[in-house]
Protein chains: 2
Amino acid sequence: MGAAMVGMMKPPEAGALDALALKFRSLELDSEADLQTVLRFVKIREAVSPGENIVDTRSPRRQLTVLLAGVACLHKKLEDDSRQIYTFQYPGDFCDLHRYMLPELDQKATVTALTACSIGTIRHDDLDQLLSQHPKLGLAFWRASMLEASILRERLLNISRRAALPRVASIICEQLARLEAINIKSAVIPITQVDLADAGGLSVVHVNRIVQDLRKLGALSKKTRTIEVASKERLAQLANFDRRYLNMPDLLSDWKIDIEELADS
Amino acid sequence: MGAAMVGMMKPPEAGALDALALKFRSLELDSEADLQTVLRFVKIREAVSPGENIVDTRSPRRQLTVLLAGVACLHKKLEDDSRQIYTFQYPGDFCDLHRYMLPELDQKATVTALTACSIGTIRHDDLDQLLSQHPKLGLAFWRASMLEASILRERLLNISRRAALPRVASIICEQLARLEAINIKSAVIPITQVDLADAGGLSVVHVNRIVQDLRKLGALSKKTRTIEVASKERLAQLANFDRRYLNMPDLLSDWKIDIEELADS
DNA sequence: CGGATTATTGAGGGGATTCAAATGGTGTGG
DNA sequence: CCACACCATTTGAATCCCCTCAATAATCCG
């Protein structure tokens, strides 16, 4: 509908940018004109298979990458070749904003597709122009970065101070909430136990035991070997999950919010 | 010198904003005019004693707080009243940017003075105007947020995947580098072992043992009971420290950079 | 069908925790 | 100026959560 409003011919890839448009709206980019302008600069790239890198140290540094479909993760390999997953990325998320603003940063951090993904790119040159001509756009990107920081803080807290079970439960809750926010209602989290381990700072073996505990406790489904949520409420309770750090509209949500938590703040 | 260039009377608190000016320059805010404009909107507040909150849930939500002198930390209390320190803050750092952009976020996160601090504030209303009239300012704040995210990622990685000794060593390295970046050359890190524990996700008892190990290994000074760096090189080596994530100019620095690390990236 | 990745289960070890107590340093007030 | 309280630091002992190692299913993909 957005595209129609500005009277453009629908391009063949119509719909491909819906996720990105939704993202910008959630970042409070109010101006429909600004939104349509930036969308026009997105080039849609070929699909990426699971396990392939979307952004790595060898990628050209002259463009911003946007995830349009699929699930990816930002991660880094350590000296002992263990892996830390910083964040999971969903349709609409920006993969490498840090490379645009602080190009010297995070040389080794890479983005890898976890499922089949499709991506778009915006040239850095174009972004320079867009930002100078549409200042509101900068504020939206800024919000995106702050949201990422908020997610990192929450994960830091979980890894640092919580036991394995609430930790794993929290990560699953987050993914569920983020999937909901982009209208993906599936109870299956498209993430392996290996990924959970690398994101949560646990061994795969222990994650497996925790997952089985979560199944016994009624939070996850016992029927599959995948991560399938059986009871969102039970999971959130075990995780002590407070989704406010994700800064999402409550519209779609029927999460239990702890009343006293709200009251004393 | 900056203030003189625009022909202003030097206010009584001349020099108080130097740290903030330095910060903005490090965030690549090139325009001296923009810089002077924003500095003019900073109100200097009274001093804050160690242990007192600079920003908490009861603070008015209508202003941005800037640390002008001293050391503070952004942290959050958990349900079991343990504490997670997200980041340490130094002169020039913004304490509560997140409250400006995403006011619903991180309700419970507070900023507390670790040493005697002095702070400044900018009203959110003024910030609204400043940002719309000086778009470059928004990019600088955006960079500040990305830098914070970078620091969070590094800490996440440390806590998640490294043993206690390199973990503690890394945190100390970071503080040393950040102090250097604002021209504070002291080898004493103004942080207690309790703070180190809360930042590193360790118990105080264990941090103490690690600190003693670091002293035996020649990284910290044996002469004091404070955290005093005896050998920056040794510490960085034990920490496997790569300061690039801090995005700092190398000007002031004589840190050893691992050559092969640079070569293969 | 074979190779690779993921999931699962068992056993044993270790790093960090918790509990408990003593020491040293600092500041406040009598 | 000392006494006392408070906090940070230090040390010891016992415990436990999670890890590593190892091996076996189950699943996916070409």
Side-chain angles (χ1 to χ4, degrees), chain A residues 49-52 71 73 78 80-85 112-116 158-169 171-172 188-216 220-228, chain B residues 49-52 71 73 78 80-85 112-116 158-169 171-172 188-216 220-228:
Chain A
S49 312
E52 273 187 76
V71 184
C73 70
L78 293 225
D80 62 345
D81 81 41
S82 65
R83 184 178 67 146
Q84 178 60 41
I85 292 181
T112 302
L114 296 177
T115 68
N158 272 317
I159 291 184
S160 181
R161 291 298 176 195
R162 288 218 247 261
L165 191 138
R167 198 189 303 185
V168 172
I171 296 176
I172 298 173
V188 176
I189 308 293
I191 282 177
T192 68
Q193 294 182 16
V194 178
D195 299 328
L196 278 178
D198 287 345
L202 296 164
S203 68
V204 190
V205 174
H206 203 235
V207 164
N208 180 262
R209 294 190 228 272
I210 297 297
V211 165
Q212 291 175 54
D213 289 345
L214 288 172
R215 286 179 183 144
K216 287 191 195 99
L220 297 182
S221 167
K222 286 172 180 155
K223 294 170 191 163
T224 75
R225 284 160 48 101
T226 61
I227 308 296
E228 178 177 358
Chain B
S49 313
E52 273 187 76
V71 183
C73 71
L78 293 227
D80 62 347
D81 82 40
S82 64
R83 184 178 68 144
Q84 177 61 40
I85 292 182
T112 302
L114 295 176
T115 68
N158 272 317
I159 291 185
S160 182
R161 290 298 177 196
R162 289 218 247 261
L165 191 138
R167 200 189 301 185
V168 172
I171 296 176
I172 298 174
V188 176
I189 308 292
I191 282 177
T192 67
Q193 293 183 17
V194 178
D195 298 329
L196 278 177
D198 287 345
L202 296 164
S203 68
V204 190
V205 173
H206 202 234
V207 164
N208 179 260
R209 295 190 228 270
I210 298 296
V211 165
Q212 291 174 55
D213 291 344
L214 288 172
R215 286 180 184 143
K216 289 192 194 98
L220 298 183
S221 166
K222 285 171 181 156
K223 294 171 191 163
T224 74
R225 284 158 49 100
T226 61
I227 307 296
E228 178 177 358

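Below, all heavy atoms of this structure are taken into account, side chains as well, without hydrogens, waters or symmetry copies. Order of the sequence lines fixes the chain letters, A, B, ..., with proteins taken first and strands second; residue numbering starts at 1 for each chain.
Interatomic distance, CD1 of I210(A) versus OG of S203(A), reported as 9.5 Å (0.5 Å rounding). Within the model, atoms CD of Q193(B) and CZ of R209(B) stand 11.5 Å from one another, a figure rounded to the nearest 0.5 Å. How far NE2 of H206(B) is from CG of L165(B): 9.0 Å, rounded to the nearest 0.5 Å.
Following rounding to the nearest Å, N158(A) (CG) and dC18(D) (C1') show an atom-to-atom distance of 17 Å. Atoms NZ (K216(A)) and P (dT8(C)) sit 11 Å apart, rounded to a whole Å. In this structure, D213(B) places its CG atom 12 Å from P of dT10(D), rounding to the nearest Å. As rounded to whole Å, 9 Å separates atom P of dA16(C) from atom CG of L165(B). If you measure from atom CD of Q212(B) to atom P of dA16(C), you get 15 Å, rounded to the nearest angstrom. When rounded to the nearest whole Å, the span between CZ of R161(A) and C1' of dT18(C) equals 13 Å. Here dT8(C) presents its P atom at 14 Å from NZ of K222(A), a figure rounded to the nearest Å. At whole-Å resolution of the value, CD1 in I210(A) and P in dT8(C) are 13 Å apart.
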Sugar-phosphate or base contact per nucleotide [nucleotides 22-30 of chain D; S, B, -; heavy atom under 4.0 Å]: ----SS---
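Here the side chain of R209(B) is nearest to one of dT8(C), dT10(D), dA13(D), namely dA13(D).
The shortest heavy-atom contact between A113(B) and S49(B) is CB-O, 3.6 Å. Residues I85(A) and D195(A) share a closest heavy-atom pair of CD1-O, 3.7 Å. Taking every heavy atom of both residues into account, R162(B) and R167(B) meet most closely at O-NH2, 3.1 Å. Here the closest non-hydrogen pair linking G201(B) and I159(B) is N-CD1, 4.2 Å. Summarising the geometry of R161(B) relative to D198(A), their closest heavy-atom pair is NH2-CA, 3.2 Å, with the distance given to 0.1 Å. Considering all non-hydrogen atoms of both residues, I171(B) and A199(B) come closest at CD1-C, 4.1 Å.
R215(A) comes within contact range of the sugar-phosphate backbone alone, with a heavy-atom separation under 4.0 Å but no base atom that close. Heavy atoms of R162(B) sit nowhere under 4.0 angstrom from any nucleic acid atom.
Within a heavy-atom distance below 4.0 Å of DNA chain C, the residues of residues 192-203 of chain B found are G201(B), L202(B), S203(B).
For the OP1/OP2 pair of dT10(D) and a distance below 4.0 Å, the side-chain nitrogens and oxygens of N208(B) include at least one atom meeting the criterion.
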